[in-house]
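Order of listing sets the numbers, starting from 1, for every ligand and every atom in it. All values below come from the heavy atoms of this structure, side chains included, with hydrogens, waters and symmetry mates left out.
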Amino acid sequence: MKKKLIAGNWKMNGSLAANEALIRGLLAGLGTPAGQVALCVPAVYLAQCQALLAGTGLDLGAQNVSEHEAGAYTGEISAAMLRDFGVRYCLVGHSERRQYHGESDGVVALKALRALASGITPIVCVGETLAEREAGKTEEVVRRQLAAVIHANGHCISEIVLAYEPVWAIGTGKTASTEQAQQVHAVLRAQLKAATAQADRIHILYGGSMNAANAAQLLAQPDIDGGLVGGASLKAPDFLSIIASAV
Ligand code: 13P
C-alpha cells in the first residue's frame with residue numbers, strides 16, 4: 001500500500017523567525033512518521049526552508065509555478081527555478097489561484113506540465129464552490145477540472161498528486177463529511193483509471209478544514225491517500241497530530 005502524504009500549505013503566512021520556529025517545532029516532535037510529509041511554503045522562503053529541511057526526510061513544496069518556461073514574464077517563477085531550490089512538490093490550481101488570479105483549467109493544466117517537465121510533482125487542486133454543490137454540479141466540476149490536466153499531460157498523469165478541496169470547506173471550519181469526501185475521491189479515481197493503468201498509485205489528497213480532530217476519520221477512507229492542510233499546518237502540535245493520524 002502506498003504511504004499517505006500529508007502536505008502543509010502555508011499560503012501567504014510566515015516570516016523568517018516564524019518559519020524557523022515552526023519547522024524546529026515540527027522536527028522536535030516528528031519522530032519517524034508512517035507517511036510522507038511536505039511543506040508548501042511561500043516562494044521567498046524556499047531557500048530558508050530548503051536549508052532547514054535538508055536531511056530531515058520532510059519534502060519541500062512551492063505554492064505556484066509559471067505556465068511559461070522562461071523569459072519576459074515579470075514577477076513569475078519558473079519550474080526550473082523551483083527545482084534549483086530542491087522543490088519536490090508544487091501546488092497547481094489551488095482554488096485561491098483560480099478565484100483571485102483567474103487561473104483557468106487550461107492554465108492549470110499547463111502549470112502541471114511545466115512542473116512535471118522539471119521533475120517536480122504537481123499537486124493539482126480541484127473542487128467545487130458551495131453554489132456548484134448546491135446546484136448538484138460537484139462531479140461535473142471536478143471532472144472538468146481534472147479532464148483538462150489529463151488531456152494536457154497524457155500518460156504522465158500517473159506522476160501527479162491530486163487534491164480534492166471543496167471550496168466551501170477551505171478556511172471555513174466546515175469539513176466535508178467522510179462520505180462526501182470519499183464519494184468525490186472515488187469519482188476522481190475512476191476518472192484517473194480511465195486515463196491510466198497506474199491510477200491506484202496516484203495520491204488523492206483531501207483538503208478543507210482538515211484538523212487534528214477529523215484527520216484520522218478522513219484518512220481512513222479507501223480513496224483518501226493524504227491531506228492538504230492549510231490553517232492547521234501553521235501550528236506544530238496540530239500538524240504533528242494530523243501527521244500521526246496518517247498511518
Ligand atoms: P484550510 O485547511 O485552512 O481549510 O485550507 C485548506 C487549503 O486550502 C489547503 O490548500
Side-chain angles (χ1 to χ4, degrees), residues 4-14 18-19 22 26 35-43 45-46 49 58-65 82 87-101 103 108 111-112 115 120-130 132-133 138 141-142 145-146 149 160-178 180-181 184-185 188 203-219 221 224-246:
K4 304 248 191 252
L5 168 61
I6 304 296
N9 173 10
W10 289 2
K11 308 195 180 188
M12 198 173 73
N13 294 291
N19 303 343
L22 176 55
L26 289 175
Q36 298 165 250
V37 182
L39 303 179
C40 299
V41 310
Y45 296 126
L46 284 170
C49 295
L58 270 65
D59 287 312
L60 184 61
Q63 298 176 8
N64 184 31
V65 63
L82 296 179
V87 166
R88 163 114 194 252
Y89 296 100
C90 182
L91 301 180
V92 161
H94 191 281
S95 64
E96 288 149 17
R97 301 289 319 169
R98 293 179 190 260
Q99 190 180 348
Y100 306 134
H101 301 273
E103 291 187 9
V108 172
K111 289 181 177 220
I120 293 170
T121 301
I123 301 179
V124 177
C125 305
V126 300
E128 82 287 3
T129 62
L130 184 59
E132 288 163 342
R133 175 162 282 269
T138 298
V141 168
V142 297
Q145 291 171 333
L146 178 56
V149 181
I160 73 163
V161 168
L162 187 59
Y164 170 54
E165 296 207 309
V167 178
W168 49 271
I170 294 177
T172 57
K174 279 190 213 147
T175 320
S177 68
T178 48
Q180 284 173 324
V184 177
H185 280 235
L188 295 169
H203 283 87
I204 310 181
L205 314 183
Y206 169 79
S209 298
M210 186 180 264
N211 59 40
N214 60 30
Q217 216 192 346
L218 286 160
L219 293 169
Q221 300 305 305
I224 301 187
D225 308 309
L228 181 53
V229 186
S233 74
L234 296 170
K235 295 175 216 132
D238 294 33
F239 197 49
L240 285 169
S241 125
I242 294 172
I243 292 167
S245 309

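Gln145 places a side-chain N or O within 3.5 Å of a backbone atom of Gly127 that can act as its donor or acceptor partner.
Residue-ligand proximity, Gly208 to ligand 1, at heavy-atom distances under 4.0 Å covers atoms 4 (O), 6 (C). Taking every heavy atom of Ala169 and a limit of under 4.0 angstrom, the matching atoms of ligand 1 come to 4 (O). Atoms of ligand 1 lying under 4.0 Å from at least one heavy atom of Leu228, given by number and element, are 9 (C), 10 (O). Of all atoms in ligand 1, numbered sequentially from 1 with element shown, those under 4.0 Å from a heavy atom of Gly231 are 1 (P), 2 (O), 3 (O). Atoms of ligand 1 lying under 4.0 Å from at least one heavy atom of Ser209, given by number and element, are 1 (P), 2 (O), 4 (O). When each atom of ligand 1 is checked for a heavy atom of Gly171 under 4.0 Å away, the hits are 1 (P), 3 (O), 4 (O).
His94 and Glu165 are linked by a side-chain donor-acceptor pair at a separation below 3.5 angstrom, with hydrogens and angles left out of the test.
Checked by distance only, ligand 1 and Glu96 stay at 3.5 Å or farther apart across all their nitrogen or oxygen atoms. Taking only nitrogen or oxygen atoms, main chain and side chain alike, Ile170 does not reach within less than 3.5 Å of ligand 1. Not a single N or O atom of Val229, backbone or side chain, sits closer than 3.5 Å to an N or O atom of ligand 1.
Of the inter-residue distances, the one linking Lys235 atom NZ with Leu240 atom CG reads 13.0 Å to the nearest 0.5 angstrom. The CG atom of Leu218 sits 9.5 Å away from atom OG of Ser245, with the distance rounded to the nearest 0.5 Å. Going from atom OH of Tyr89 over to atom CD1 of Ile160 covers 12.5 Å, rounded to the nearest 0.5 Å.
Among all non-hydrogen protein atoms, the one lying nearest atom 5 (O) of ligand 1 is Lys11 NZ, 3.2 Å. Distance from atom 2 (O) of ligand 1 to its nearest protein heavy atom, with residue and atom name: Gly230 N, 2.9 Å. Among protein heavy atoms, atom 9 (C) of ligand 1 sits closest to Glu165 OE2, 2.8 Å.
The two residues Arg133 and Val184 make their nearest non-hydrogen contact at NH2-CG2, 4.0 Å.
By the salt bridge (charged side-chain N to carboxylate O under 4.0 Å, His left out) test, Lys11 pairs with Glu96, sequence neighbours left out.
A perpendicular orientation is assigned to the rings of Tyr164 and His185, their planes being inclined by more than 60° (bins at 30° and 60°).
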